[in-house]
Amino acid sequence: MADKKLGIWLVGACGNVATTATLGLFALQKGMTTNAGLVTELPPFAKLGLASWQSMVVGGHDIRSPCMTATAERLAAEGVVPRDLLDACREDLAEVESRIQPGIAYRCGKTIRALADMPLAPDDVSPRTFLSQIQSDLQAFRDREGVDQVVVVYLASTEPLTGGELPTTWTELEPLLEETGETSLRASSLYAITALERGLPFVNFTPSAGASLPAIDDLARRRGVCHAGQDGKTGETLLKTVLAPMFAHRNLEVMSWVGHNIFGNLDGSVLNDPENRAAKIQTKDKVLGGTLGYDPQTLVSIEYIKSLGDWKTAWDHVHFRGFLGTPMTLQCTWQGSDSALAAPLVLDLVRLLERSSRAGESGPLAHLASFFKSPLGSDEHDFAEQYRRLLEWAERHSAAD
Ligand SMILES: NC(=O)c1ccc[n+]([C@@H]2O[C@H](COP(=O)([O-])OP(=O)(O)OC[C@H]3O[C@@H](n4cnc5c(N)ncnc54)[C@H](O)[C@@H]3O)[C@@H](O)[C@H]2O)c1
């Protein structure tokens, strides 16, 4: 991979996570930061021949006019990214902004459409029209930047849940893309189809449907392309998948698990709409049953508190029962910058998907389960076991080179 150029195409490029990941990449390229937070910088991944940070170039889509610098200013004011890093990267950010293209908001719902400051096509256009637009943007990026491979990362606002029946095979779904009537697809799935049809690895870091639909996964397998998702595991859910196995392995019965999340960034304001929040709650709430082997009573709340900005507080209350039926409680508070937690994982995933793609892997990458709240291709939610599987994969591929 040493001399090859790798494109990173960020959908939702002007958002907090995309901007922090981009600034983080510049910091790594300029030697202005350590490798803290980056999984792929750990020793077990050293012999994988991963793409270098220097080889990477960023472009993307957004439904807001390019405003990465403005997002970076806000993140610096909030203490999420260092001000001196932003000052050193202004020209680099402007270059990335020049590569950001108008995105699509097909059936994304009113809250996401309200974010847009550009005209959006109505929803009664055929999905194929949107696919053609995204495909030509991706092709133009490849040609202009001379990149050998592009990894597409979906980082756009969380869509409402996908409703309604969809065919489960690509052969049945493909003709529907030419029709102008109602479909249950949303923009995240159209971005996924675009990438996979073009043979480009696709990461869905959000709870939106993306490539999780069976017919789109079928497309990936047929084209021999890999994808990974769904919903990055960065904070409270990460903690849950570490703690839940502890209760299970000590035979402590979890009776209820309550998690209250408060934060105030743009993502939080979109999740304030119950339709958009439903998808997030579903992925956050999925992890316990699989690990414990039974379903305790759970409650997950997500509240938008504007003054907190990107700083999320998650308070968890676990009520459990031990020997002789004695009830006990664990309470913990997680306070973190949402974007600083998510951004390094985005960079890791780009490297890992590029490596899987080079190894000829296709379909959902189950060995990346530790990165996601609802891992595609895997039912495993225990973080330690997920990480063990990642190490196994890394060892196999290190040995193969
Ligand atoms: N920060 C975390 O820890 C974390 C963890 C897991 C998942 N996520 C998910 O990652 C996503 C990004 O988070 P964020 O904090 O950067 O959000 P954000 O609101 O700051 O950014 C989202 C960006 O997507 C753009 N957008 C919305 N719909 C679009 C579309 N259809 N096409 C192109 N652009 C579109 C918006 O204009 C905005 O710039 C969210 O869905 C969030 O739920 C974040």
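Position 1 is the first residue of the sequence, and the numbers go up from there. Every number for a ligand or one of its atoms is a count from 1 in the order of the listing.
The single protein non-hydrogen atom nearest to atom 1 (N) of ligand 1 is Asp338 O, 3.3 Å, given as residue, atom name and distance. For atom 17 (O) of ligand 1, the closest heavy atom belonging to the protein is Asp267 CB, 3.6 Å. The single protein non-hydrogen atom nearest to atom 20 (O) of ligand 1 is Asn16 N, 2.9 Å, given as residue, atom name and distance. Of the protein's heavy atoms, Lys280 NZ, 3.6 Å lies nearest to atom 8 (N) of ligand 1. The protein atom (non-hydrogen) at minimum distance from atom 28 (N) of ligand 1 is Ile112 CG2, 3.4 Å. When only non-hydrogen protein atoms are considered, atom 4 (C) of ligand 1 lies nearest to Phe205 CE2, 4.1 Å.
Between atom 41 (O) of ligand 1 and the options Ser208, Pro207, Ala156, the minimum heavy-atom separation is to Ala156. Among Ser157, Gly232, Ser65, Ala187, the residue whose heavy atom lies nearest to atom 22 (C) of ligand 1 is Ser157. Closest heavy-atom approach to atom 12 (C) of ligand 1 among the candidates Leu155, Asn204, Leu271: Leu155.
Polar contact with ligand 1: present for Ile104 (N/O pair, distance under 3.5 Å). Every N/O-N/O distance between Ser339 and ligand 1 stays at or above 3.5 Å. Every N/O-N/O distance between Cys108 and ligand 1 stays at or above 3.5 Å. Of the N or O atoms in Gly15, one or more lie within a sub-3.5 Å distance of an N or O in ligand 1. In terms of polar-atom proximity, defined here as any N/O pair under 3.5 Å, Arg64 does make such a contact with ligand 1. Here's the thing with Thr234: one of its N/O atoms is less than 3.5 angstrom from an N/O atom of ligand 1. On a distance-only criterion, Val17 and ligand 1 share at least one N/O pair closer than 3.5 Å. Here's the thing with Tyr154: none of its N/O atoms is less than 3.5 angstrom from an N/O atom of ligand 1.
Judged by distance alone, with hydrogens and angles left aside, the side-chain atoms of Glu159 form a donor-acceptor pair with the main-chain N or O of Ser188 at under 3.5 Å. Tyr191 places a side-chain N or O within 3.5 Å of a backbone atom of Ile104 that can act as its donor or acceptor partner. Proximity of a side-chain donor or acceptor of Thr326 to a complementary backbone N or O of Gly322 within less than 3.5 Å is not detected. No side-chain donor-acceptor contact under 3.5 Å links Glu354 to the backbone of Gln149. At least one donor-acceptor pair closer than 3.5 Å links the side chain of Asp310 to the backbone N or O of Ser339. Checking side-chain atoms of Asp117 against main-chain N and O of Ser65 turns up a donor-acceptor pair under 3.5 Å.
Applying side-chain contact (heavy atoms from CB on, under 4.5 Å) to Leu10 and the options Thr22, Asp62, Thr19, Ile100 leaves one that passes, Thr22.
Proximity of Lys373 to ligand 1 is established by a heavy-atom distance of less than 4.0 Å. Within the structure, ligand 1 has Asp62 among the residues with a heavy atom less than 4.0 angstrom away. For the pair Leu341 and ligand 1, no heavy-atom separation below 4.0 Å is found. Residue contacts with ligand 1 include Tyr191, since one of its heavy atoms falls under 4.0 Å from the ligand.
With a 4.0 Å heavy-atom cut-off, ligand 1 is reached by no atom of Lys233. Counting heavy atoms closer than 4.0 Å to ligand 1, residue Ile63 contributes atoms from both its backbone and its side chain.
For ligand 1 and Thr206, the ligand atoms under 4.0 Å from any heavy atom of the residue are 10 (O), 11 (C), 41 (O). Near Ala342, meaning under 4.0 Å from one of its heavy atoms, ligand 1 places the atoms 1 (N), 2 (C), 3 (O). Using a 4.0 Å cut-off to heavy atoms of Asp231, the atoms of ligand 1 that qualify are 6 (C), 7 (C).
Between Tyr106 and Phe130, the angle of the ring planes lies from 30° to 60°, which puts this pair in the tilted group. Ring geometry for Phe45 versus Tyr387: interplanar angle of 30 to 60°, hence tilted.
Between Ala211 and Ile216, the shortest heavy-atom distance links the atoms CA-CG2, 3.8 Å. Minimum heavy-atom separation, Tyr294 to Leu252: OH-O, 3.7 Å.
We find that Arg83 and Glu73 are joined by a salt bridge, their nearest charged nitrogen and carboxylate oxygen being less than 4.0 Å apart. In summary, Arg389 and Glu392 do not engage in a salt bridge, as defined by a charged side-chain N under 4.0 Å from a carboxylate O. With respect to the salt-bridge test (charged N to carboxylate O, under 4.0 angstrom), the residues Lys312 and Asp267 do not qualify.
In this structure, Arg351 is positioned above the aromatic face of Trp53, its NZ or CZ under 6.0 Å from the six-membered ring centre and within 45° of the axis.
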